[in-house]
Amino acid sequence: MSQSARLVSAKILEQVLLQRGSLSTQINKQISQVEYDEQGLAKELCFGVCRFYPQLNTVALSLLSKPFEEKDFDLYAALLMGLYQIEHMSTPDHAAVHESVELCRQLDKEWATKLMNAVLRRYQRERDDILENLSSQPSMAHNLPKWLVKRFKKHWDAELDSIIEATNAHPPMCIRVNEAHVSRETYKQKLAEQGIVSRETSFSVSGLYLESAVPVTMLPDFENGHVSIQDESAQLAASLLAPKTGERVLDACAAPGGKTGHLLELAPDLDLTAVELEPWRLARIESNLERIGGSAALICGDASQPDQWWDKTAFDKILLDAPCSATGVIRRNPDIKINRKPDDIAALCDIQASILDATWQTLKQGGYLLYATCSLMPEENEQQIASFLARTEDAKECPLNLLNDKLSLSFGKAVSHGVQIFPTQNGQDGFYYCLIKKD
C-alpha cells in the first residue's frame, strides 16, 4: 500500500538525522512506497531539506523551547520540511502549515499537531525578524556547518567564496557519451532533436552538460549504453589512466561503476577487475556494465585486504578512487551537511593509507596507480600522497598526463602533489588526482 510523499520523506529524513545511512541509501530503500507520480515531490523535500539543513536547523532550533528527542526526529523532519516548503517551494504558506500538521497525525503523534501549528505560524508572522536575528551565525550566512567553512577557509581562502557558492548550487546534469558507439557531436545532435539543449564539457572529450536535467528515459539510447550519467571531473579518471587493450587493470573501491564502465569503453578487451566492499553496491556496478555491454571480474571484497581476493598476478594499472569525505560533491550528496563530522577526516585518512599500501603490493614494477578522491581536504589528497611517497621507496609521482599527452591539464590547480579540482557553479565537481609509478 502506497504512502504519502510527505510521510515517506519524513521517515527518510528521520533516518538521515539519526545517521542510519546516507540520503541516497534511504531513498533507494523507501521511495517505492510512494506512488510514482509523487516520487519527484518526495525527492525534492528530502534533497531540499538536506541542502538547506544548516539554515533550516538554525531557524528550527530558535523556534523551539527545547530540541526534539531522538524518538521524535520524525517530527523534527516534518518541521524542517514545513520550513523548507515555506522558504524554497511554491507551496502556499497556509498549505505548508496544514500539510505539516496533518503529517503529525500520519506519524501517529496527534499530541504534536498544536506544537507544529504554533511553531510554523510564528515563523510566518515573525519571519523577517527571526532571520535578521540569526543572520550573523555562520550556518545562516554560508549554509554550511561552521567547521567545514573553517576548513575551507584554512586551506583555500582565495577560492572560498566560489567553493561555497558552488557547494550550495544545484548540480548540473552531466553525461558521458560512449564514443565506441557514437561521437559526442552526433549525440549532441540527437539530444537537440529531442529538444534537449547541451554544451560540451571543457576538459573531458566525451562529456556534455545538459541545460536542464531530464529523466534518463529521455536520453536517446540510454538503455543501449550509448550514454551514462557522470560528472566531468569523474570522467577524467579513465582518460588519465589511459587503459590499453590486454592490460590487466584493477578498479579498487569501484562502486557505483561509472569509472569501471568508462575504462571498458576506452579499451573493451581490458582484463579488468573491480573490487567493492558492499554487496549491494557491487550489484550496481554489474547493472551498469550490463547496460553498456562491458565485462569485468567483479569481486566483493575489502581493497585493503588483497590477500582475501587477489590471485597474485600483478596489475599493469590501478585506479584507486579512495573512500573520502566527499567534500567536493556536497551538492550531489547534501546529507553530508548533516552527517559529516570533523573527526571523520582523520579516520578516512587512515583508511586511505591502508588501501594505498595494500593495493600498491598488487601493482607490477613499472606499473601506474592513479589516486583519486572527490574531496577538497589536503589531508586526504596532497598530504596523503606526500606521506605515501615518503614511506614507499619504489613510488614516484609522475606528470598527470604522462599516459595521455592529448589530455589538457588546464583543469584544476596544481598542488604540492597532484591536481586539485574545485567545484564550479555550472561545471565540474570537486576532485583530486595524482599519478604514481612503481619505479
Side-chain angles (χ1 to χ4, degrees), residues 2-34 38-54 56-57 60 67-81 84 103 106-107 144-145 147-148 167 171 229 253-258 275-288 300-304 321-348 350-352 373-375 380 429:
S2 62
Q3 299 180 358
S4 76
R6 288 179 172 82
L7 177 59
V8 174
S9 298
K11 291 179 178 179
I12 289 171
L13 289 168
E14 175 192 25
Q15 296 303 302
V16 173
L17 292 169
L18 291 169
Q19 300 193 10
R20 294 176 179 166
S22 68
L23 177 60
S24 60
T25 299
Q26 291 301 328
I27 285 178
N28 287 336
K29 281 184 178 179
Q30 302 192 53
I31 197 68
S32 62
Q33 300 172 53
V34 182
E38 288 285 294
Q39 289 183 8
L41 171 60
K43 290 178 181 178
E44 164 71 7
L45 289 168
C46 291
F47 274 89
V49 167
C50 290
R51 181 167 283 116
F52 290 98
Y53 177 80
L56 296 174
N57 182 55
F68 282 106
E69 297 178 17
E70 284 193 1
K71 65 184 177 67
D72 294 317
F73 270 20
D74 51 355
L75 289 175
Y76 193 50
L79 174 57
L80 295 173
M81 286 162 54
Y84 175 72
L103 185 50
Q106 293 178 41
L107 293 167
L144 285 170
W147 74 269
L148 195 52
T167 296
I229 311 300
C253 313
V275 175
E276 176 53 46
L277 182 61
E278 301 286 350
W280 68 273
R281 290 168 68 86
L282 199 70
R284 287 188 64 188
I285 301 173
E286 186 174 20
S287 175
N288 281 331
C300 187
D302 186 341
S304 69
D321 187 1
C324 70
S325 63
T327 41
V329 292
I330 293 174
R331 61 188 181 187
R332 296 191 189 277
N333 305 276
D335 51 310
I336 289 170
K337 295 183 180 184
I338 301 174
N339 289 335
R340 185 67 69 226
K341 301 293 184 287
D343 291 346
D344 294 346
I345 307 300
L348 285 163
D350 289 342
I351 294 171
Q352 293 154 6
T373 76
C374 53
S375 170
E380 301 179 88
D429 286 343

**OP:** Give a yes or no answer on whether the side chain of Asn339 reaches the backbone of Ser22 with a donor-acceptor pair at less than 3.5 Å.
**Re:** no

Original post:
Taking C-beta and beyond as the side chain, do Gln30 and Gln15 meet within less than 4.5 Å on heavy atoms?
Top reply: yes

**OP:** For the residue pair Asp335 and Tyr53, confirm or rule out a side-chain donor-acceptor distance under 3.5 Å.
**Re:** no

**OP:** Check whether any side-chain heavy atom of Asp429 sits under 4.5 Å from a side-chain heavy atom of Arg331, and report yes or no.
**Re:** yes

With a cut-off of 3.5 Å and sequence neighbours excluded, list every side-chain donor-acceptor pair involving residues 275-282.
| residue | atom | partner | partner atom | Å |
| --- | --- | --- | --- | --- |
| Glu276 | OE1 | Ala254 | N | 3.4 |
| Glu276 | OE1 | Ala255 | N | 3.1 |
| Glu276 | OE2 | Glu278 | N | 3.4 |
| Glu276 | OE2 | Arg281 | NE | 3.3 |

Original post:
Gln39 side chain to Ser32 main-chain N or O, any donor-acceptor pair under 3.5 Å?
Top reply: no

Original post:
Side chains of Lys11 and Gln3: is there a donor and an acceptor less than 3.5 Å apart?
Top reply: yes

Original post:
Would you call Leu17 and Glu70 a side-chain contact if the rule is heavy atoms closer than 4.5 Å?
Top reply: no

Original post:
Any donor-acceptor pair under 3.5 Å linking the side chain of Glu38 with the backbone of Ser4?
Top reply: no

Original post:
Looking only at heavy atoms, what is the nearest atom pair of Leu148 and Leu144, with distance?
Top reply: CD2-CD2, 4.2 Å

Original post:
If we only count heavy atoms from C-beta on, is the Asp344 to Ser325 side-chain gap below 4.5 Å?
Top reply: no

**OP:** Answer yes or no: are there more than 12 heavy-atom neighbours, outside Lys341 itself, under 6.0 Å from its atom NZ?
**Re:** yes

Original post:
Does Leu13 reach the side chain of Leu80, with side-chain heavy atoms less than 4.5 Å apart?
Top reply: no

Subject >> Any donor-acceptor pair under 3.5 Å from Lys337 side chain to Arg51 backbone >> reply: yes

Original post:
With a 4.5 Å heavy-atom cut-off, do Ile338 and Leu23 have their side chains touching?
Top reply: no

Subject >> Any Leu75 side-chain heavy atom under 4.5 Å of Leu79 side chain >> reply: no

Subject >> Side-chain touch Cys374/Asp321, heavy atoms, less than 4.5 angstrom >> reply: no

